[in-house]
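What follows is one structure encoded as structure tokens, with my remarks underneath.
The model shown is predicted, which means the values in this text are computed figures rather than measured ones. Numbered from 1 within each chain, the chains take letters A, B, ... in sequence-line order.
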Amino acid sequence: MAYDFIHIEEKWQKHWSDNKVFKADNESNLPKYYVMDMFPYPSGAGLHVGHPLGYIASDIYSRYKRHKGFNVLHPQGYDSFGLPAEQYAIQTGRHPLETTNENILRYRAQLDRLGFSFDWSREIRTSNKDYYKWTQWMFIKLYNSWYDLSLKKARSIEDLILIFNKSGNINLNASKSESSLKFNSKQWCSFSEQKKEKVLLDYRMAFLSDTEVNWCPELGTVLANDEIIDGLSERGGYEVIRKKMIQWSIRISAYSDRLLSGLNDIDWPDPLKEMQRNWIGKSEGILVKFDVLNFDKQIHAFTTRPDTIYGVTFVTLAPEHPLVELITTDDNKNHINNYILESSKKTERDRISDVKSISGVFTGAYVLHPLTNIKIPVWISDYVLAGYGTGAVMAVPCGDQRDYNFAKFFNLPIVNIFKDIDISNEAFKEKNNFVLTNSEELNGLDFKKGYLLALEKLKKLDKGIHEINYKLRDAVFSRQRYWGEPFPVYYKDNMPVMISEKYLPVELPNVDKYLPTEDGNSPLGNSANWAWDSLNNKIVSNKLINNETVFKMELNTMPGWAGSSWYFNRYMDPTNKDEFASKKSLNYWKEVDLYIGGSEHATGHLLYSRFWQYFLYDLGLVPVKDYAKKLINQGMILGNSAFIHRLNGTNTYISNELVKEQNVQLIHIEISCVNSNNELDLEELRKWQPQFKNAKFEFLNDKFIVKREVEKMSKSKYNVVSPDEICEKYGADTLRLYEMFLGPIEQAKPWNTAGIKGTFSFLKKFWNLFHQNENFNVVNDKPSSESLKILHKTIKKINDDIENFSFNTSVSAFMICVNGLSSIKCNNRSILESLCVLLSPFAPHISEEIWNKLGHNESISFVNYPECNPVYIKENNVEYPVSFNGKLKFKLVQESSLDIHQIKQNIIIDQRTNNYLDGRGIKKIIVVPGKIINIVC
RNA sequence: GCUCGAGUGGUGGAAUUGGUAGACACGUUGGACUUAAAAUCCAAUGAUCAGUAAUGGUCGUAUGGGUUCAAGUCCCAUCUCGAGUACCA
């Protein structure tokens with residue numbers, strides 16, 4: 001009987017879905033286990049073979065855990081709001097809702113075909129109003145909270161008002177926006193309501209501010225830092241410029257230190273943690289206060305090198321620094337203003353590509369050195385960033401290359417404070433291997449001692465504060481886009497007002513035009529009905545706006561990461577109408593035990609979601625601080641692109657070997673036009689794109705060889721392999737096994753369809769163990785010791801490998817096992833039953849089919865995973881355990897005078913020579929399996 | 001530049017805590033079955049030397065050193081590749 005995978009897979013997929021086999025229960029006596037994938041973005045292109053890699057791994061682990069007796073939650077959903085869906089809608093001229101639903105259906109069909117054990121009854125979509133209702137609800141929570149830096153947690157804004165009533169903000173240690181307004185309780189009480197609101201807005205976790213943002217005119221929206229690559233937008237690769245706009249921001253920077261230290265408590269991949277650490281960018285140093293000459297003002301500059309304080313020869317401010325205008329002398333005003341104008345015009349791209357050129361202008365003002373009181377000139381330059389530290393730098397040319405270059409360029413003095421170190425060509429950047437000189441009381445000290453003494457001195461003079469700085473910026477939360485969560489916000493007297501929780505969700509209105517506008521107005525402005533009637537609490541026509549009872553709504557929408565920052569909590573209780581998830585369900589499932597997804601989200605989603613969960617935790621809304629205990633990054637599966645060479649300016653293409661020194665252009669071609677020997681099938685190519693009909697092709701030895709290159713799999717590179725093709729030809733089980741077999745889960749690896757034969761023939765062999773001459777054929781004998789040995793070695797190996805997420809070696813172990821069983825012609829029922837269960841997480845369809853044929857009515861999913869019995873080799877009535885790789889492990893019995901246990905518990909024998917060479921006192925142990933004869937010391 | 005990570009046959013990749021390097025698979029070669037092909041099955045397959053052969057020797061995990069009875073694995077230096085980040089003071 002042939003292995004008819006198409007029939008088998010359809011049958012079992014139907015069975016699972018009809019019987020809701022994978023439905024997880026919120027109440028159970030079993031221990032819980034929560035396995036989650038990063039939910040996909042339903043794009044128009046459908047899935048390619050790279051997408052399911054992580055899903056296959058998580059599915060294997062989920063099924064394995066079910067076998068092990070856990071109540072497993074393994075949900076799936078769609079991150080269906082956001083830019084790509086909208087871009088696709090714009091391109092096709094259809095409503096995003098319509099295209100999104102269509103894409104989701106396609107994704108679902110493709111996912112189903114792979115036989116995943118998702119609990120689809122818990123499906124969520126971020127663009128569903130039942131879901132984004134709670135995203136809006138959480139936004140309101142953010143708005144109504146502030147961050148207490150002393151208690152290190154977010155607190156209700158009511159608490160803040162109480163504090164203001166009692167003592168103003170004099171002693172308050174809170175995270176807030178730039179504003180130097182200080183007030184006591186009396187002043188606070190005298191403020192108008194509007195002024196109070198303005199003050200509070202500076203403290204809220206979600207706040208409005210006129211910030212410089214990364215504006216992408218082509219996409220018509222602002223982008224977060226992590227959505228920009230090399231000054232171009234991540235999506236589409238369009239130019240990004242700096243622009244000031246009023247935007248909602250989220251005060252994620254308040255959580256910098258907790259997000260950083262929290263990394264120590266979670267089992268996430270080290271490289272990913274490292275990325276988050278770098279992104280948060282903690283640096284410890286001193287805020288040095290410089291008195292401005294002739295002004296009652298101070299310039300504060302952050303430095304990590306207070307030991308070099310005596311090397312300061314000038315101070316540089318960012319062009320946007322608030323003091324620049326005040327302190328600039330009249331004769332320098334023109335220069336300065338021109339420079340500020342110039343640098344504000346520069347795009348993000350220009351600034352990055354223009355790292356090397358040096359520019360700056362002298363303000364004419366001076367500050368006093370805090371320790372020597374020497375006059376120090378103040379310059380401005382755009383190498384100083386307004387957003388980091390205080391936007392001011394104390395320049396130490398001898399110890400910092402940029403300051404050095406700047407000083408050389410503008411002929412500013414350079415003082416060498418490093419003893420016997422030559423700085424005539426470049427600055428000395430090391431923190432070690434020097435002692436200070438020209439530094440008064442710091443002379444002779446090294447970095448550490450110099451640092452501490454300088455800190456102490458500056459503190460004493462009230463000229464320095466110990467400070468910790470972070471690179472992490474607050475996250476811009478507004479998008480000038482249609483396809484996103486609307487803000488539950490209207491504007492009264494130009495101040496934002498939250499719509500009451502009772503009236504959520506604020507539904508996304510229908511608009512005729514969802515194209516972004518170049519001037520930055522959101523498409524929501526095109527809606528005829530986008531005003532808030534505060535008497536009747538509902539959305540009404542814009543015509544009714546009177547600014548007394550009917551108000552203008554917020555036109556922006558939330559960014560893509562809003563909905564994905566908390567979705568793991570919603571899966572626990574996805575249909576709840578009264579809460580984002582019930583307390584009971586939150587307390588039962590608590591957190592994700594295993595989260596699988598790509599590392600490209602390291603500084604985006606994976607950071608924002610940690611922050612979001614911390615925030616919810618602070619408010620007591622969730623029971624755990626970190627939502628994902630363990631994270632695994634699956635590597636990308638890369639495509640194997642094919643190119644042909646076109647002679648420049650002609651319509652002639654030449655075979656790969658003919659390319660010598662001609663000018664050629666590489667043209668991507670569809671990979672299905674190329675066979676496994678890299679030979680081009682010209683007929684196929686002409687069928688694919690008729691433009692090649694009239695082209696000339698130069699062959700070599702009747703062959704036309706293409707050039708191949710490994711790159712990201714993408715539709716535009718014509719290198720996509722669809723899982724559907726593979727399922728048709730080999731079946732889902734083969735695809736699942738092969739994707740796991742390709743290599744370690746976390747590694748990037750190129751797809752190569754040729755190798756799939758190996759896993760396919762493995763499944764056929766497995767099938768043939770039970771089938772002989774068209775018949776199902778198993779025997780009920782007592783299993784032979786040989787077959788038991790094979791089975792138990794496999795059980796042990798597979799168990800260990802799954803626990804270590806080493807799925808590629810598991811698949812190898814299966815192959816070895818089946819090869820072994822088929823070579824001894826084992827078709828014993830009990831052996832095969834165990835093997836079925838063992839294999840079912842990897843290749844569920846074929847396993848279920850055989851399981852069923854073996855006479856079981858219940859689905860294989862509820863059977864316990866086979867336990868391993870150690871395999872022994874018996875010799876002279878002594879049993880020796882055999883390890884999986886065939887090495888004999890000898891338990892040493894106390895037979896010699898040596899205390900061998902102290903040396904090693906087990907020793908490994910070279911089976912060829914019977915020698916064992918363990919050291920540390922023992923020169924040589926000669927052992928024959930079964931008995932220890934000699935120990936030579 | 002800085003921070004991580006990785007270099008093993010023709011290819012993807014194995015190798016628990018340092019203990020038979022190259023598992024498993026692809027590819028290649030030879031054989032069986034077939035009129036033939038496909039499919040399937042069997043065998044060989046790191047390099048090199050000796051031998052008719054069984055077999056045996058030598059060299060081999062990017063390069064050069066080191067620690068160790070023993071190194072792909074640990075340490076130092078160098079080279080190459082990949083990822084992240086970038087005027088962060």
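- Look at the C1' atom in both B/C26 and B/U35: the space between them is 31 Å, to the nearest Å.
- Counting non-hydrogen atoms under 4.0 angstrom, A/N819 reaches the backbone sugars and phosphates but no base.
- At a threshold of 4.0 angstrom between heavy atoms, the contacts of A/K273 with the nucleic acid are absent.
- Shown here are the salt bridge (charged side-chain N to carboxylate O under 4.0 Å, His left out) partners of A/D4, two or more places apart in sequence or in another chain: there are none.
- Within the nucleic acid shown, A/N469 has no heavy atom closer than 4.0 Å to any nucleic acid atom.
- Spacing between B/G27 and B/A62 at atom C1', rounded to whole Å, works out to 25 Å.
- Annotation: B/G64 and B/U73 have their P atoms spaced 13 Å apart (nearest Å).
- Using cut-offs of 30° and 60° for the angle between ring planes, the A/W379 and A/F410 rings count as tilted.
- Computed from coordinates, the A/L607 CG to B/U85 P distance equals 12 Å when rounded to whole Å.
- Donor-acceptor pairing under 3.5 Å is lacking for the side chains of A/D382 and A/S343.
- Taking the side chain of A/P744 as heavy atoms from C-beta on, and the options B/G13, B/C88, B/C24, the nearest nucleotide is B/G13.
- Whole-Å rounding puts the A/R473 CZ to B/U85 P distance at 16 Å.
- To the nearest angstrom, P of B/C2 lies 20 Å from CH2 of A/W279.
- You'll find the side chain of A/L412 reaches within 4.5 Å of the side chain of A/F406, heavy atoms only.
- Taking the P atom of each, B/G22 and B/G10 are spaced 16 Å apart, rounded to whole Å.
- Residues A/G389 and A/S599 both approach RNA chain B. Their nearest nucleotides, taken by heavy-atom distance, put A/S599 toward the 5′ side.
- In this structure, CE in A/M636 is found 5.0 Å from NZ in A/K712, a value given to the nearest 0.5 Å.
- The A/T809 side chain lies nearest to B/A15 when the options are B/C88, B/A15, B/C41.
- Taking syn as a glycosidic angle within 90° of 0, B/G9 qualifies as syn.
- One atom, CG of A/D403, and another, P of B/A89, lie 11 Å apart when rounded to the nearest Å.
- Of all nucleotides listed (B/C24, B/A39, B/G13), B/C24 comes nearest to the side chain of A/M815.
- Using a 4.5 Å heavy-atom threshold, the side chains of A/Y738 and A/F762 count as separate.
- Between A/F807 and A/F805, the ring planes lie perpendicular to each other; the angle is over 60°, past the 30° to 60° tilted range.
- Protein atom CD1 of A/I798 is 17 Å distant from nucleotide atom P of B/U16, rounded to whole Å.
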Tabulate protein N/O versus nucleotide N/O from nucleotides 5-12 of chain B, keeping only pairs under 3.5 Å, one per line.
unit_1	atom_1	unit_2	atom_2	d
B/G12	O2'	A/L742	O	2.8

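- The nucleotide whose nearest atom lies closest to any side-chain atom of A/T304 is, among B/U3, B/A23, B/A89, B/A89.
- Positionally, the nearest nucleotide of RNA chain B for A/D270 lies more toward the 5' end than for the other of A/D270 and A/A386.
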Go ahead and write out RNA chain B as dot-bracket, 5' to 3': ( ) for pairs within the strand, [ ] for ones crossing earlier pairs, | when the partner sits on another strand, dots for unpaired; Watson-Crick or G-U wobble, both distances under 3.5 Å.
-> (((((((..(((......[....)))((((((.......))))))(((((....)))))..(((((..]....))))))))))))....

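- The interatomic distance linking A/E426 (CD) with B/G1 (C1') rounds to 12 Å, in whole Å.
- A donor-acceptor contact closer than 3.5 angstrom links the side chains of A/K765 and A/N819.
- For the residue pair A/S253 and A/D474, a side-chain donor N or O sits within less than 3.5 Å of a side-chain acceptor on the partner.
- Between B/G82 and B/A43, the two P atoms lie 41 Å apart (nearest whole Å).
- Summarising the geometry, the separation between CG on A/D801 and C1' on B/C24 is reported as 12 Å, rounded to the nearest angstrom.
- Rounding to whole angstrom units, CG of residue A/N799 and P of B/U16 are separated by 18 Å.
- Defined by atom type and a distance below 3.5 Å, a donor-acceptor pair is present between the side-chain atoms of A/Y383 and A/D403.
- Comparing B/A39, B/A14, B/C88 by their nearest atom to the side chain of A/K471 picks out B/C88.
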